[in-house]
Structures are given as C-alpha cells and as structure tokens.
Protein chains: 2
Amino acid sequence: MAASRPATSPSAPSPGTATILDVAALAGVSRTTVSRVLNHPDLVPADTIARVEGAIDELGFRPSSRARGLRTGRFDTIALLVGDASQPFQSAVAKAVARAAEARGLNVLLCDLDHSEERLITFLRQLPRQGVDGIVISTGDDVSRSRAGAVIAETRAGGTPIVISGRLPEDDLFGVGVDFTSIADAATTRLIENGSRRPILLIGDADTYVGARWAAGYRAAVERAGLDAVVLQTQYSDATSTQLVLRELSASTPADGIIAGTVPLALSAVRAAHHCRRLVPDDLAIIACEQVGLAELVTPAVSTIGVTAEASGEALVEHLSQLIAGRNPPHATLPYVLSERQTTRHPAEGETR
Amino acid sequence: MAASRPATSPSAPSPGTATILDVAALAGVSRTTVSRVLNHPDLVPADTIARVEGAIDELGFRPSSRARGLRTGRFDTIALLVGDASQPFQSAVAKAVARAAEARGLNVLLCDLDHSEERLITFLRQLPRQGVDGIVISTGDDVSRSRAGAVIAETRAGGTPIVISGRLPEDDLFGVGVDFTSIADAATTRLIENGSRRPILLIGDADTYVGARWAAGYRAAVERAGLDAVVLQTQYSDATSTQLVLRELSASTPADGIIAGTVPLALSAVRAAHHCRRLVPDDLAIIACEQVGLAELVTPAVSTIGVTAEASGEALVEHLSQLIAGRNPPHATLPYVLSERQTTRHPAEGETR
DNA sequence: CTGAAAGCGCTTACAG
DNA sequence: CTGAAAGCGCTTACAG
C-alpha cells in the first residue's frame, strides 16, 4: 500500500504513459474522482473538474481504452471485414469507414476476407473476444450461404452487432441497404435510351449475392424494352472477361452495350472493344454499377452508377454505432447517383470532356 | 467467494463467451493451470494439458487478448497509418499488411492520414494508449518534416516501435527500404534506351519525400544521357496534371516520354496524349514508378516499375514484429521489378498484348 | 461531493 | 507439478 504513487513532483511519467493514479496524485484527489470527471462530469463540481483537467493536460494523460473496456465491456473498436481491400470500391469504403469511425471515437480493425467464407467464419468467431464492439461486413460475396449465415446469426446472438453492406429490409441478414436491382435496371435503361439494342450484363462470379440482383434489374429493364437478355459471368481481373466480351462483339448480333458490375469489369470491356477496333461509346457503350474515383482517371472515362463509398461507409458506421448503443436504427436504403462520362453518349455537364 | 463459478454441468456460457474460469472449472484445475497450458505448456504434464485443452475446445474458449494485454503490456495489435487508403498502391499495401499481420497473430488498426501531418501527430499520440504494440507508417508524404519527425522519435522513445515504408539506412527515420532514386533512374533509363529524347518526370506535390528521390534518380539518368531534365510537379487526380502534360506535348520540343510517380499520374498522361491525338507509346512512352494491379487493367496497359505492395507489406510487418519482440532486425532494401506493358515499346513476355 | 473496495479476464512471481 | 494472491488500468456500485 505504500510507495505506489509518485510524490508531488518527481518521477514524472514519460508522455503518454501516465496512468489515472498519476493524475489523481497530481490533482490531489482519488482515482474515483478522476474517473468521474472523465465519465460523469455532471457529478463533479466545476473547481474539482478544473484541477483534474489541469493534471490531465500536464501529464498528457489519455485513459487506456483497453483497460476501460475490460471493465465496461466496450472497447471503442469495430472490425471491418472487407471482401478484398485492394479492390477500388472496397478500399474507398475502408477509407470512409475509418473516417466515420474516427469521428465517433472508434478504432477500426481491418480484416481482409480475400473472398473466403472460411476466413469470414474464422474472423467472426475470433473478433468478439478480441475486444471488438461490432462488425461491419462489406463484400459483394454471398454471406448468407450455408455456414456463414449461421455464424453471423450466432455472433449477433452472442451480443456483437453486425452490419452488412448492401442488404435490403426484406433480407434476413438486414443491414445498410443498396438497391442493386434498381441500380442495374437504371443502368440498363440508360443504355437503351441512348440507343443500345443489344445490351449485355457482365458480372463477376465472386458476386453471388450482388450479381443475382444486378441480373434481376438488368433482366427487368431488357424485358421491358422487348430485348433479349445476355448475362456474362466471369472472374475479376482476368483475361477471360475480355475474351467473353470479345466473343459477344464478334457474334452475328454483336453487343452494343455493356452493363458491368464493377469498374474493373468495365475496363475489361474497354480492352475488348479496343482489341477489335470498336469505338466506345459509338459501337459499344459501357457503364459500371459502382461509383469509384478511378472511373474518371482512365481514358475513356467510365460512366458509373451506384452509391458512393463515402455514403456507404458513413451509413454502415452510423448504423453500427446505433446498434452498439443498444438502439434499433431504422433501415435506410442509400441513394445512388449516375455519373455519365465518356463510355456512354450524352456526356453529362461538369465532367471533363 | 461463493457461487461465482458455474457448477459442473449447468450454465454453459454461450459460445465464445467462456472465460478462463469456466475452463478451469470444467477441467477441474485452477485458472493458473489453464493459463499455463496456454502460455507455458512445457511446465504442464501431458495429461493435464489434454484435459484442459478438452475443456477449451468444448467451451470454444479464446483468451481475451485485451485482458492479457492489460497484464503483459502486449496487445497483439499494430496500427497501420496510411497516407490515403483509397489510392491503389496504398490499399494494396493495407491488404498485404493485414495478411502479414494475421499470419503472425496480430490485429491491424487502420488509420487514414488523408495526407495530413496534423492527423499523423494525433494518431501517434493516441495509439500507444489504445493498446497498440507497434506502428507501420506507409505514405509518400514527408514524415520527417518539423513536428512529425519529432513526434515519431518521441513515440519510439516511449516504447512503441515504428516502421516507416520507403526509408533507407542513411535516413534518420529508418524503416523498410525502397530505393526510389534507383527506381526512377531505371525507369528513365529504360525510356531513353527505347528512344526517348525528351523524357519528363511527372510527380505529385503530396510526395515530398518520395518525390525528391524520384527527381534525383530521374536527373541522374537524364544527365548521364546528356539530355535536359524537366520536372512537372502537380496534384493527384486532378485535371491540372493532364493540362501540364498537354502543355509539354505541344511545346516546340515536345515530350516523348513520361516517367510518372504513380499510376494515377500515368493515367493523366494517357489522357493528355489522347486529347492531342498522340499515340502511346509511339509518340509518347509512359512508365509509372509504382507496382499496382490496376496498371494492367487499363487500356493501354501501363508499364510499371517498383516494389510490389505484397513485398512491402510483408517486410513492414516482419520488421515491426521483430522490433516488438525486442530484436534489432537488419535493414533490408526491397527489390523492385519492371513490368513492361503497352505504354512502352518492346512489350515484355507474358503480358497481355 | 468524495473515496475505499471490488472486479473486468487475464499472467506471473511466490509458496507449497 | 499446482494453486492462492497480487496486479495490469480502469469504472461503478456502495458508503460515508
């Protein structure tokens, strides 16, 4: 019980190393009072607050969120499980989540799923014990499938809230909504309005969940116009997607429009068009169902439609922090925006020509 | 002292919720023994280990890394401070760091600096108290500048190791090395070998540290060839870089080669060439001093030279975990690789034509 | 209004 | 070989 706290002046802890006991000693109060000015300042008179805060500043004291968490069960940390952090949209979401979390005093643990359900399950099982208050899942992969869906439910039941990007209210897994169906419908409709008679959907095989919705929206729009539906399912970043598009371009009724799930897929369509000397957008119009900055860096700049990563990240974190706080936030479906650039006709105002 | 631990069979804690006491009760040993099989199994006889491990499996017990950290001072967590998580190379590094950390049982806290020195300093001050064992800084920005450099030194002195990407042994801030000077030199030399008589360097103004080295390498190569040096410093993702290149293309001695710091900058050069109907690579060869997958998705595919994000992430984490373990790892300079694609002549083998 | 005490889930000397 | 006790840095009933 003796000699534990430093005397009035000596043994100043190195900056950022001070503990609540150091502050208490310097302010001449108990650790209880220090804790109270931190957590319930309303219970402490102004002059005491001032003294304690003086000591806090002087020592550069920052309470250890880990020690607090051990006591309160809240660690001010969320985990972000991302399908593939190196994909343009996903990395923009990661950035947005980091910013939104920071604004709420939350740390973000980054976990890359690499499109593996096994990894998803492992993370879900580990994270709650790692001091994580909640989990954001952002991926185009199907997380409702067999085991993963069960583990998500189990984790939620265990008290760790989970928010999943792109889930609509009718979905069991329910999260922050993106209406992929409407987005693909709008994209397809836009191409048809611009004169496309043979618009084709190009999606990645990793996108089982999102892909099914894109296909639904695409089919609806195509049917409405009395046209045929052709869906090309391929792998990302692979020469095969270029090959597939190439084949459609040299068919007897060649494709004259591509609705691509992602910007990388759209780029493979650009490559294919270039390969067989078709002009974009004149011979082949292209639009991607994903909003990423990269789209305007390339030549030709790719037209896009979708929710922004910023809106998505912000909504995911907001929704999650409500859940963590024990509230039941309303389900919101995010608005999508259309950015017409050089791969579709009628370039919109404000875009670089 | 009574009724604290569950009886032999009832009150099974929900999965992932078991504590070391639950395991001890089920295995019929003390928490000390459980902790020992976790941390010093060599001190425990095989049959006891088996019994305890049985209980661990049955309860799905995972020790809380936060509670352990409170005791040991190690939280098995590192922070990744990244200049801009939405930039292609940085996001690939983030992914690589996440994977490399995971392989070592470390969690990764993602912090986006958004190119702000202020934010860097704030993170550096907060993180050690947030239960972070070490910090990786990955940015092209200059972190040695005035205050930031001092805060890095201070944080290190406080006992939190920091590894900085792209620092060479001669650098005060010392980290994992990337020889930007040699990379730019090699890139420039390659263009000159391919016939460029007026190669120009295009770098971003955010890259003060890296930019200076790129410029040095570029100047060396250009001088060696008896050519003039022209350095274009611009902003990222901005129409201004396109404008700057455009101007050089319509000068009396037009540029016939661009050494771009990053792939996004290279894309702005492509845009400029397209704008004034110059052929790439015939009229204008382009190479980027950065290895990112995106480079092969675009048309024309961009030639690149640099270290891969994977090697970088792995080396950063390896170096950091050595430091955390109290060892003094040797400084390694990462090898760089050249990928010639469509924006330079003589496309290399194995690339999509 | 304020402090002593208990406890969050662990680990590690210290005794048996 | 094993366990009781102390303690990591906090917060929060519980008494004054």
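Residue numbering restarts at 1 for every chain, and letters A, B, ... go by the order of the sequence lines.
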Peer 1: Check every strand shown and say whether B/Thr48 touches a base, only sugar-phosphate, or nothing at a heavy-atom separation below 4.0 Å.
Peer 2: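 It contacts sugar-phosphate atoms only.
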
Peer 1: So does B/Glu314 pair up with B/Arg104, basic N to acidic O under 4.0 Å?
Peer 2: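 Yes, charged N to carboxylate O under 4.0 Å.
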
Peer 1: Figure out the CD1/C1' separation between B/Ile20 and D/dA5, and round it to whole Å.
Peer 2: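 It works out to 15 Å between those atoms.
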
Peer 1: Does a distance-only test, which skips hydrogens and angles, find a donor-acceptor pair under 3.5 Å between the side chain of A/Arg36 and the base of C/dG3?
Peer 2: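 Checked by distance alone, the answer is yes.
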
Peer 1: What residues in residues 69-76 of chain B put a non-hydrogen atom under 4.0 Å from any atom of DNA chain D?
Peer 2: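 Per residue number, the list reads B/Leu70, B/Arg71.
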
Peer 1: Using atom C1' of each nucleotide, how far apart are D/dG16 and D/dT12 to the nearest Å?
Peer 2: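 16 Å, rounded to whole Å.
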
Peer 1: Between B/Arg62 and A/Gln126, do the side chains contain a donor N or O and an acceptor N or O under 3.5 Å apart?
Peer 2: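 Looking only at side-chain atoms, B/Arg62 and A/Gln126 do form a donor-acceptor pair, the distance falling under 3.5 Å.
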
Peer 1: Is B/Arg129 close enough to D/dC10 that one of its side-chain N or O atoms is under 4.0 Å from OP1 or OP2 there?
Peer 2: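 B/Arg129 to D/dC10 OP1/OP2: side-chain N or O found under 4.0 Å.
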
Peer 1: Does this structure show an ion pair linking B/Asp114 with A/Arg99, if we count only N-O contacts that are shorter than 4.0 Å?
Peer 2: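 Result for this pair is yes, salt bridge flagged.
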
Peer 1: Run through A/Ile164, A/Leu316, A/Val136 and flag the one making a side chain to side chain contact (heavy atoms under 4.5 Å, CB included) with A/Val176.
Peer 2: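 Result: among A/Ile164, A/Leu316, A/Val136, A/Leu316 is the only option passing the side chain to side chain contact (heavy atoms under 4.5 Å, CB included) with A/Val176.
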
Peer 1: Can you tell me which stems involve DNA chain D, if a stem is defined as three or more consecutive Watson-Crick or G-U wobble pairs, both distances under 3.5 Å?
Peer 2: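 Stem list for DNA chain D: C:1-3 with D:14-16, C:5-12 with D:5-12, C:14-16 with D:1-3.
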
Peer 1: Salt bridge check, A/Glu118 against A/Arg147: does any charged N sit closer than 4.0 Å to a carboxylate O?
Peer 2: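 Looking at A/Arg147 and A/Glu118, the cut-off is met.
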
Peer 1: To the nearest 0.5 Å, how far apart are OG in B/Ser165 and CD1 in B/Ile137?
Peer 2: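 The distance works out to 8.5 Å.
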
Peer 1: D/dC10, OP1 or OP2 - any side-chain N/O from A/Ser64 closer than 4.0 Å?
Peer 2: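 Negative; the distance criterion is not met.
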
Peer 1: Could you state the CZ-C1' distance from A/Arg68 to D/dT12, rounded to the nearest angstrom?
Peer 2: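 That distance rounds to 13 Å.
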
Peer 1: Take B/Arg51 and A/Val34, find for each the nucleotide of DNA chain D with the closest heavy atom, and name the residue whose nucleotide sits nearer the 5' end.
Peer 2: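 The residue closer to the strand's 5' end, by nearest nucleotide, is B/Arg51.
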
Peer 1: Think A/Ser30 has a side-chain N or O under 4.0 angstrom from the OP1 or OP2 of C/dG3?
Peer 2: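 Affirmative; the distance criterion is met.
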
Peer 1: Can you tell me which nucleotide in C/dC1, C/dA5, C/dC10 comes closest to the side chain of A/Arg31?
Peer 2: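 Nearest to the side chain of A/Arg31 among the choices is C/dA5.
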
Peer 1: Between D/dC8 atom P and A/Leu21 atom CG, what is the distance in whole Å?
Peer 2: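 Taking CG of A/Leu21 and P of D/dC8, I get 9 Å after rounding.
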
Peer 1: Can you measure B/Arg66 atom CZ to D/dC10 atom P for me and round it to whole angstrom units?
Peer 2: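 Value for this atom pair: 16 Å.
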
Peer 1: Go through the steps to decide whether B/Tyr209 and B/Asp141 satisfy the test side chain to side chain contact (heavy atoms under 4.5 Å, CB included), and finish with yes or no.
Peer 2: CA-CA 6 Å; B/Tyr209 176 86; B/Asp141 301 335; over 6 Å; no

Peer 1: Pick out which of B/Thr155, B/Thr160, B/Leu81, B/Ile78 makes a side chain to side chain contact (heavy atoms under 4.5 Å, CB included) with B/Leu127.
Peer 2: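 When B/Thr155, B/Thr160, B/Leu81, B/Ile78 are each tested with B/Leu127, the side chain to side chain contact (heavy atoms under 4.5 Å, CB included) holds only for B/Leu81.
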
Peer 1: Taking only side-chain N and O atoms of B/Thr32, does any of them lie within less than 4.0 angstrom of OP1 or OP2 on D/dG3?
Peer 2: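 Checking B/Thr32 against D/dG3: no side-chain N or O falls below 4.0 Å of OP1 or OP2.
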
Peer 1: Atom CD1 of A/Ile49 and atom C1' of C/dC1: how far apart are they, to the nearest Å?
Peer 2: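 Rounded to whole Å, this separation is 12 Å.
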
Peer 1: Return no unless some side-chain N or O of B/Thr19 is found under 4.0 Å from OP1 or OP2 of C/dC10.
Peer 2: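 For C/dC10, OP1 or OP2 has a side-chain N or O of B/Thr19 closer than 4.0 Å.
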
Peer 1: What is the distance, to the nearest angstrom, from the NE2 atom on A/His40 to the P atom on D/dA13?
Peer 2: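 It is 8 Å, rounded to the nearest whole Å.
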
Peer 1: I want to check something: taking the side chain as every heavy atom from C-beta on, are B/Leu38 and B/Pro63 in contact at a cut-off of under 4.5 Å?
Peer 2: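 A side-chain contact under 4.5 Å exists here.
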
Peer 1: About how many Å separate CZ of A/Arg66 and CG of A/Asn107, when rounded to the nearest 0.5 Å?
Peer 2: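 Rounded to the nearest 0.5 Å, the CG-CZ separation comes out at 5.5 Å.
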
